[in-house]
Amino acid sequence: MKIALSLLAAVSVVVLSGFNPSGSSAQAQDTVKIGILQSYSGITSLGGQQTDSTIKLFMKKYGDTAGGKKIELVRRDTTGPNPEVAKRLVQEVVTREKVQLLIGPDFTPNTLAAAPILMEAKVPSFVTGAATTGIVGEKSKYSTRTFFAVPQLCKPLAAYAVKNGWKRVFVAVADFAPGHDCEKYFIEALKEASGTLAGNLRIPVSNPEFSGYMQRIRDAKPDALFIFMPIGELSIGILRAVNDSGLKASGIKIMGTGDITDETYIDAVGDAALGTITTGIYSTQHDSALNKEFVKDYVALNGAKPRIGWGAIATWDAMRMTYDALNAQAGAKFDPEKFVSYIHGRSFESPRGPITIDKTNGDIVQNIYIRRVDKVNGVLENVEIETLKNVGFK
Amino acid sequence: MSSILTVLFNGIAYGFLLFIMSVGLSVTLGMMNFVNLAQASFSMFGGYVMVTAMQSFGVPFLASLPIVFIVIGALSIVVERLIFRHFYNTDDLTQVLLTIGLVFMSIAIATYFWGGTYQRIDMPSWLTGQRAVLGLTLETYRIFLIAIGAAMAIILVLGLERTQLGAMVRACVDNRRVAGACGLNTDLIFALTFAIGGGLAGLGGALSANLLGLDPNFPLRYLVYLLIIVSVGGMGTISGTLIAGLALGIADVMGKYYFPQFGGFVIYVLTVACMLWRPHGLLGRQT
Amino acid sequence: MSALERLTSDHAKAATGYFALLARWNIWEVLFWLALAGMYFVPNVDLVLMSQIFIWGLFAMSLDILLGYRGIPSLGHAAFFGVGAYVAGYCGKFGWTEPISALVLAMAIAAIVGWLTGKLVQRVTGVGLLMVTLGLNLILYDLVHRSTDLTGGDDGLQGVTIAPVFGLFRFDIFGRTAFWYALIMAFLLFAVARAVVKSPFGLALLGARENPRRMIMLGAPVEGDVSRAFALGAALAGAAGALLTQTTQFVSPNTLSFQRSADVLVILIIGGTGRLYGGFVGALVFLILRDWLAAISPVYWYFWIGLLLVIVVSFFRKGLLPSVEALINRWKPSKAEEPSQRVPPA
């Protein structure tokens with residue numbers, strides 16, 4: 001047995017020492033390494049796929065050098081919201097691969113676990129997939145968010161509902177940290193808008209069956225239902241349940257954050273999604289020349305499926321800011337402080353509309369769109385019906 | 001009052017759904033003493049076969065069900081002959097590891113063929129919407145589930161108790177060697193039982209896809225529920241699985257209606273309580 | 001000394017002699033641990049990955065106490081891991097930042113939880129036991145996950161600070177301190193576990209696994225031993241959890257998840273049960289291969305991991321370690337066998 005053990009240990013030593021892909025290859029002065037930490041496997045694998053497709057499009061359009069430096073990508077799979085793995089991968093890409101920039105990691109727990117490392121190593125990063133408030137700012141002063149902050153999407157629908165005469169609103173959120181946050185913001189906003197809370201529910205994250213909850217909502221007789229569910233089987237399940245149980249047909253207006261009608265998953269919901277009103281930061285239907293060009297190029301390069309969701313736009317804008325900031329430092333060695341101070345405080349034009357990065361904490365100020373799900377050319381789309389300009393992140 | 005009855009009805013429908021999904025595992029686990037976690041994968045493939053039949057070949061929903069049963073039944077025979085046959089006499093943990101490995105592989109295979117996203121499931125119009133029944137408004141698909149589930153339960157129980165094949169299966173399960181000595185082709189019977197178990201799992205997947213959604217991670221999400229229903233009911237007893245499914249289904253839905261803050265809990269608490277009270281399951285036999 | 005006294009003292013000497021022989025450290029064991037320590041010096045080694053391997057190895061070993069030595073299958077072992085992890089997290093959050101004492105506290109609390117669990121499931125065996133442990137794990141996870149006010153939920157416990165070990169070695173971003181801290185703690189706890197399983201208590205566990213009725217006839221406290229085994233297994237698992245919190249300064253509900261319980265069971269079975277090293281070997285193989293497969297085939301790595309499991313089960317029937325052991329024994333049948341940990345024939 002003992003021989004066996006040391007044999008195995010020896011084999012592992014060999015294996016481990018053989019397997020370090022790039023490690024410490026001498027870094028040329030004129031390369032910038034960007035770490036991409038996204039989910040490529042598991043339930044959330046579409047996110048990583050979307051990121052890759054977007055970056056591929058961006059680099060095809062704008063080349064693979066910026067500010068005279070060649071861009072090199074280092075990809076790692078976070079496998080979903082898995083802080084143990086994400087932290088290790090961030091340590092790996094920062095200390096061994098020596099990346100200078102990071103896009104990701106996705107999901108709030110991963111971002112929170114990675115933050116201290118990025119602060120200490122002074123690696124600017126882009127938050128492209130986490131919406132919790134406060135994950136950029138003092139503890140992460142090198143981070144920039146291109147996604148959205150929970151209040152931005154959760155608050156506006158309260159005023160919108162009351163304005164349209166739907167005063168009694170029932171709130172159903174997923175029973176986990178982002179859900180609790182969203183619930184808090186929405187209920188506050190509803191009170192401010194003089195609406196009434198008809199009831200609220202927290203639905204477990206692993207919940208296959210909604211009928212008990214549907215009955216409770218029906219019993220409360222609300223005018224509208226506000227939903228916050230993470231993208232996945234919950235968002236699909238609840239929209240279908242709302243439809244199947246006849247809640248929607250009984251006249252209750254179905255509203256929610258754009259997670260429930262994200263283009264990547266909306267086809268699985270089917271016609272049950274029609275008429276759903278959501279707040280979102282981006283829709284492929286957004287009517288601007290920049291967006292039309294973006295969508296056309298994306299589909300031409302990556303195919304029509306999987307569809308473009310808001311994760312793609314967050315990545316696109318991160319690349320846009322990266323290239324612009326690098327171009328501003330052309331000819332000099334990469335300086336993270338200058339990189340960050342270029343981006344923070346600046347406004348950009350994005351396919352989603354105008355965005356501004358706050359000077360003091362790197363969070364994003366952007367237009368929030370109220371959309372409704374309609375069929376456009378036989379395809380379910382989020383059609384923008386109202387625009388709220390320059391919504392802050394608080 | 002109508003709220004309570006509607007919730008009860010929905011609970012019964014959910015119970016039948018759990019029964020339909022788990023009965024395949026109960027058959028193989030109880031009858032053949034083989035821990036086959038890959039049943040969850042068979043369910044997933046059943047769902048995918050249904051979707052492909054309906055969307056790529058235009059087969060109507062009802063007609064796709066027997067196709068699913070046959071295809072997945074055949075698939076399970078293939079897997080049984082190629083792989084499982086060699087592991088019948090190994091211990092439970094080995095079987096667990098083997099079948100978990102197969103589950104992982106099935107997830108990647110499903111991703112490869114059908115993509116990583118959720119499938120669009122459209123039921124025919126006569127199964128959607130609600131119907132008025134006895135003064136209550138009930139979802140049509142759930143009525144359908146209850147009808148099919150009840151039919152399956154009756155066929156299986158009667159089949160096992162009343163038919164010759166059922167008698168042969170019970171003989172093989174009780175004492176394989178003696179059954180073989182009596183002239184029964186135990187290999188064939190086992191393979192057949194496996195096929196039926198697999199076909200049932202596939203059917204379960206196809207029938208539940210409308211309510212539960214279908215994507216490559218289906219097996220990992222529902223494996224725990226399968227284990228719970230089969231254990232609580234008692235291995236290998238069809239009626240046990242039915243009772244466990246109904247009890248837990250009703251408890252879950254009613255729990256979510258009356259005590260939403262404890263919604264997700266109820267099923268786990270009941271499982272723990274039940275297993276402490278009767279470790280062999282509600283209708284399980286003490287072997 | 002009378003004849004009777006001489007007889008009993010001879011027996012006593014034989015018994016202690018037996019246990020002393022059993023507990024002697026073997027050169028290969030020493031080499032194994034030295035090899036692990038030596039990994040630090042391999043160029044370009046991923047120190048953080050190694051520290052996580054040590055932690056998983058310790059975790060799997062803790063399950064081995066229950067599963068391999070006592071024959072209790074548990075599908076909810078991550079519950080103890082999570083308890084230890086959160087205790088260490090709360091210590092770090094509320095000012096008790098010294099790591100080693102927090103580790104001891106985490107072990108103590110996890111041991112209590114384990115002991116209580118053991119009491120609960122004393123009379124349950126087989127499937128019932130599996131489902132009860134699973135159910136308890138899922139309930140605990142659910143509670144922790146949704147009590148976002150207390151635990152931060154998915155976002156993790158905020159404000160966890162861990163002081164440098166001995167006030168000198170900060171947990172740095174290169175993972176150096178994490179490597180040594182995890183390795184040394186894992187080794188110390190391994191040594192403790194090793195001493196326990198090679199003691200009369202360990203033998204009693206093995207006996208109860210093989211033939212509980214015979215053990216009862218011998219007067220062994222079989223039922224009490226279940227709780228004690230649970231307490232020991234839980235303490236070690238809690239230690240692993242605390243180590244994870246301390247080396248990553250982060251704790252979230254996935255330390256208690258069913259996924260983790262399933263993973264540790266798979267790791268242990270791969271390595272081989274009933275030998276304390278199985279957990280470490282399994283962790284080495286599984287984590288390194290998983291990392292490698294995820295890097296070369298990110299979307300389909302599930303397929304390769306599944307295939308790995310099927311291969312291990314097909315060709316290494318009882319796990320890697322026992323199979324290699326069997327292979328080596330076949331080569332050298334004449335080599336005198338040292339007292340093994342298996343129950344000696346009656």
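Convention: sequence-line order gives letters A, B, ...; per-chain numbering from 1.
B/F265 does not touch chain A: none of its heavy atoms, backbone or side chain, sits under 4.5 Å away. Using a 4.5 Å cut-off between heavy atoms, B/V253 contacts chain A through both its backbone and its side chain. Residue B/N217 touches chain A through its side chain alone, counting heavy-atom pairs closer than 4.5 Å. Proximity to chain B (any heavy atom under 4.5 Å) is shown, for A/D244, by both the backbone and the side chain. For a residue to count as touching a neighbouring chain, one of its non-hydrogen atoms must lie under 4.5 Å from one of that chain's; by this rule B/T117 touches chain A with backbone and side chain alike. When heavy atoms are compared at a cutoff of 4.5 Å, B/Y225 approaches chain A solely by way of its side chain, counted from C-beta outward. Interface remark: A/D271 contributes backbone and side-chain atoms alike to the contact with chain B (heavy atom separation under 4.5 Å). If you measure heavy-atom distances from A/P306 to chain B, you find no contacts under 4.5 Å at all. Only the side chain of B/Q130 comes within contact range of chain A, judged by heavy atoms closer than 4.5 Å.
Nearest heavy atoms, A/G237 versus A/F210: C-CE1, 3.6 Å.
With chain A as the partner, the residue from B/L220, B/I121, B/T111, B/D122 showing the most heavy-atom pairs under 4.5 Å is B/I121. By number of non-hydrogen pairs under 4.5 angstrom with chain A, the leading residue of B/L211, B/N210, B/I267 is B/N210.
With hydrogens and angles left out, the side-chain atoms of B/N36 and B/T99 include no donor and acceptor closer than 3.5 Å.
Note: B/W114 and B/Y48 have parallel aromatic rings, judged against thresholds of 30 and 60 degrees for the angle between ring planes.
Residues of residues 249-262 of chain A having a heavy atom under 4.5 Å from any heavy atom of chain B: none.
A/F170 places a side-chain heavy atom less than 4.5 Å from the side chain of A/L201.
Considering only residues two or more places apart in sequence or on other chains, B/Y118 meets the ring pair (Phe, Tyr, Trp, His ring centres under 6.0 Å) condition with A/Y265.
Dense packing is recorded around CZ of A/R218, with more than 12 heavy atoms of other residues, nucleotides or ligands lying under 6.0 Å away.
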